[in-house]
Amino acid sequence: SQLDATDIDTMFSEISISFLTDWSSGVLFLTYGSSSIQLLQIADGELELYLFSDSQDSVVLVVTTLASEESSVTDGQWHTVDIQMESGKALLWINDISQGAEETFTYTDDTECDGVYIGGVPTDSDAYTLLSSYNITIQEGFGGLIKAFSVDSVEMDLTSSTLIAENVNYDGCPDDVYPTETPTEAATVYSGNDLSFNNTGLYSYSGYLYQVTAANDAGSTSSGWVIGLTDEGDPSELSAPETVTALSGFVIEVEWQPPNISNGVIQSYTLSAYSYADDSVISLMVEAADDWLDSISGNITDVEPNTQYNVTVTASTSMGSTESDPVSVTTLDAAPEDTQPPYIEDLSSTWFSVAWSEPLKPNGLIILYNVSSDGELVYSGTDQLFNYTDLDSYTEYSM
């Protein structure tokens, strides 16, 4: 992937990357300028750091095993590499353990940065040409997972910052161990004389390796492998919200888990509250975030007090959406709204009957009405009719 370097003015003094792989070779990252290179790659199971500049000394650091550990960065486990250039030295850590790789390097941070690549360098790019001019053996691509890349203590958004991506899957990085065995058997999906074939029944947003074997009476010859990637699809195995809580009469808090199978890049989630009373629906879209690998929460607002709702969550990729099963919740009571003024229903010279309607928005069960006349409380109770007696004839009263 090529990342957007528009807002990056200079080369970096601190770089950190977290990755997982069982491939013995591959490019982790490259940052370069017109005359400077910062390259970290894996070659034959060894971690190689290249720091090159026309105007400065060049440094190549090679780490064969992890210090204090009998393991490799290609063991299918998560590893974090931190690189720091300061005080005339290049320093390197793996999993917070110093590798003792300190080399003198006259580093200046005012060199302009022209580009950043993650997981490979295209052979037709200016970056590849620059690397070749230094006689660097560039590894091909990268097979595994990269979940964090930060420069000068600022983590880059690998999704929104990507300008060009090839053979990249953005559906998240699991915490469990990457498989340590690479499949060696391939299934025959077509046999015949045609020059094309539609392979159906595949998983969405997945990569498949293909190889063609041509045969005649004298024998057979196989091509190299190429990768085919299927489009995104609807997310699947999306569970109902974990918890649905009425925070007030107007707010419902929802917590949910991402779908077990994303079938693409989750672009957003939509929270919906379906009213039992009138079949209305209130929806709120929540943009997906890169760090949403565990439970996620959001609030649905503008719901009605003392109302029962069915709450769902919908996960969406660029190609489709999936809605979960509902969870029922009743919002809390709230203070009544739009209370109506009383009116005279019947009267005589010394009394009249005062009546009133329920508030337009009771927002719960009404447990008390208070009626005042000229600032004095004259009735308190649950009825909606009150006989006001012992009054003076032909006298005005304000209710």
Side-chain angles (χ1 to χ4, degrees), residues 238-256 268-287 295-316 321-399:
L238 177 63
S239 300
E242 280 190 321
T243 58
V244 177
T245 306
L247 298 183
S248 69
F250 306 98
V251 180
I252 298 174
E253 182 183 58
V254 186
E255 185 173 337
W256 70 95
S268 65
Y269 293 96
T270 301
L271 305 178
S272 300
Y274 298 87
S275 173
Y276 274 69
D278 55 12
D279 295 328
S280 63
V281 58
I282 299 174
S283 296
L284 171 71
M285 189 179 74
V286 182
E287 295 290 341
S295 60
I296 315 160
S297 63
N299 291 340
I300 303 176
T301 57
D302 298 328
V303 291
E304 297 290 336
N306 190 240
T307 303
Q308 189 174 7
Y309 290 94
N310 268 338
V311 176
T312 66
V313 58
T314 300
S316 301
S321 302
T322 298
E323 187 172 20
S324 73
D325 290 334
V327 174
S328 179
V329 65
T330 299
T331 52
L332 303 181
D333 289 353
E337 298 177 82
D338 296 334
T339 300
Q340 301 301 296
Y343 56 91
I344 303 301
E345 191 169 77
D346 196 7
L347 77 163
S348 73
S349 61
T350 59
W351 64 269
F352 55 77
S353 295
V354 182
W356 54 91
S357 302
E358 185 178 72
L360 296 181
K361 294 183 180 181
N363 293 338
L365 178 65
I366 301 296
I367 60 173
L368 184 67
Y369 290 104
N370 288 328
V371 178
S372 298
S373 175
D374 296 323
E376 181 182 353
L377 180 65
V378 295
Y379 172 79
S380 182
T382 58
D383 293 334
Q384 291 176 255
L385 180 67
F386 166 63
N387 292 322
Y388 199 8
T389 60
D390 298 328
L391 304 179
D392 295 331
S393 300
Y394 202 64
T395 303
E396 181 178 290
Y397 292 89
S398 297
M399 306 298 292

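Note that the coordinates shown come from a computational prediction; the quantities given were computed from them, not determined experimentally. Along the sequence shown, residues carry numbers from 1.
- Within the 4.5 Å cutoff, side-chain heavy atoms of Tyr276 are placed close to those of Asn310.
- Remark: side-chain polar atoms of Gln384 are paired, donor with acceptor, to backbone N or O of Trp356 under 3.5 angstrom.
- Distance alone, capped at 3.5 Å, places no donor-acceptor pair between the Tyr379 side chain and the Asn387 backbone.
- Here the CD-OG1 distance, from Glu255 to Thr245, works out to 8.5 Å after rounding to the nearest 0.5 Å.
- At least one donor-acceptor pair under 3.5 Å links the side chain of Asn363 to the backbone N or O of Ala335.
- Closest approach of Val313 and Ser239 over heavy atoms only: CG1-O, 4.1 Å.
- Contact between Val327 and Pro241 at its shortest, heavy atoms only, is CG2-O, 3.7 Å.
- In terms of the side chain to side chain donor-acceptor pair (under 3.5 Å) criterion, Thr331 has no residue partners (sequence neighbours excluded).
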Give the intermediate values and the outcome of side chain to side chain contact (heavy atoms under 4.5 Å, CB included) for residues Trp256 and Ser324.
-> CA-CA 10 Å; Trp256 70 95; Ser324 73; over 6 Å; no
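- The two residues Asp346 and Trp351 make their nearest non-hydrogen contact at OD2-CH2, 3.7 Å.
- Side chains of Leu271 and Val311 form no contact here, defined as non-hydrogen atoms less than 4.5 Å apart.
- At least one side-chain heavy atom of Phe250 sits under 4.5 Å from a side-chain heavy atom of Pro305.
- Side-chain polar atoms of Asp333 and Asn306 form a donor-acceptor pair below 3.5 angstrom.
- Counting only N and O atoms by type, the side chains of Thr301 and Asn299 include no donor and acceptor under 3.5 Å apart.
- Applying side chain to side chain contact (heavy atoms under 4.5 Å, CB included) to Ser353 and the options Ile344, Leu385, Leu347 leaves one that passes, Leu385.
- Looking only at distances, no side-chain donor or acceptor of Ser268 sits under 3.5 Å from a matching main-chain atom of Ser316.
- Rounded to the nearest 0.5 Å, atoms CD (Glu304) and CD (Glu337) are 8.0 Å apart.
- When all heavy atoms are compared, the tightest approach of Ser280 to Asp278 is OG-OD1, 2.7 Å.
- Here the side chains of Tyr397 and Phe352 are in contact, with some heavy-atom distance below 4.5 Å.
- With values rounded to the nearest 0.5 angstrom, Thr314 atom OG1 is found 11.0 Å from Tyr269 atom OH.
- The environment of Ile367 atom CD1 is sparse: at most 12 non-hydrogen atoms of other residues, nucleotides or ligands sit within 6.0 angstrom.
- Rounded to the nearest 0.5 Å, atoms CG (Asp390) and OG1 (Thr350) are 7.0 Å apart.
- When all heavy atoms of Leu238 and Glu323 are compared, the closest pair comes out as CD2-C, 4.3 Å.
- Expressed to the nearest 0.5 Å, how far OG1 of Thr312 lies from OH of Tyr309 amounts to 13.5 Å.
- In this structure a side-chain-to-backbone donor-acceptor pair under 3.5 Å is present from Asp374 to Ser398.
- Ser357 and Gln340 form no side-chain donor-acceptor contact under 3.5 Å, judged by distance and modelled atom types alone.
- Take Thr330 and apply the side chain to side chain donor-acceptor pair (under 3.5 Å) test, not counting sequence neighbours, and it matches no residue.
- With 3.5 Å as the limit, one finds a donor-acceptor pair spanning the side chains of Ser283 and Ser272.
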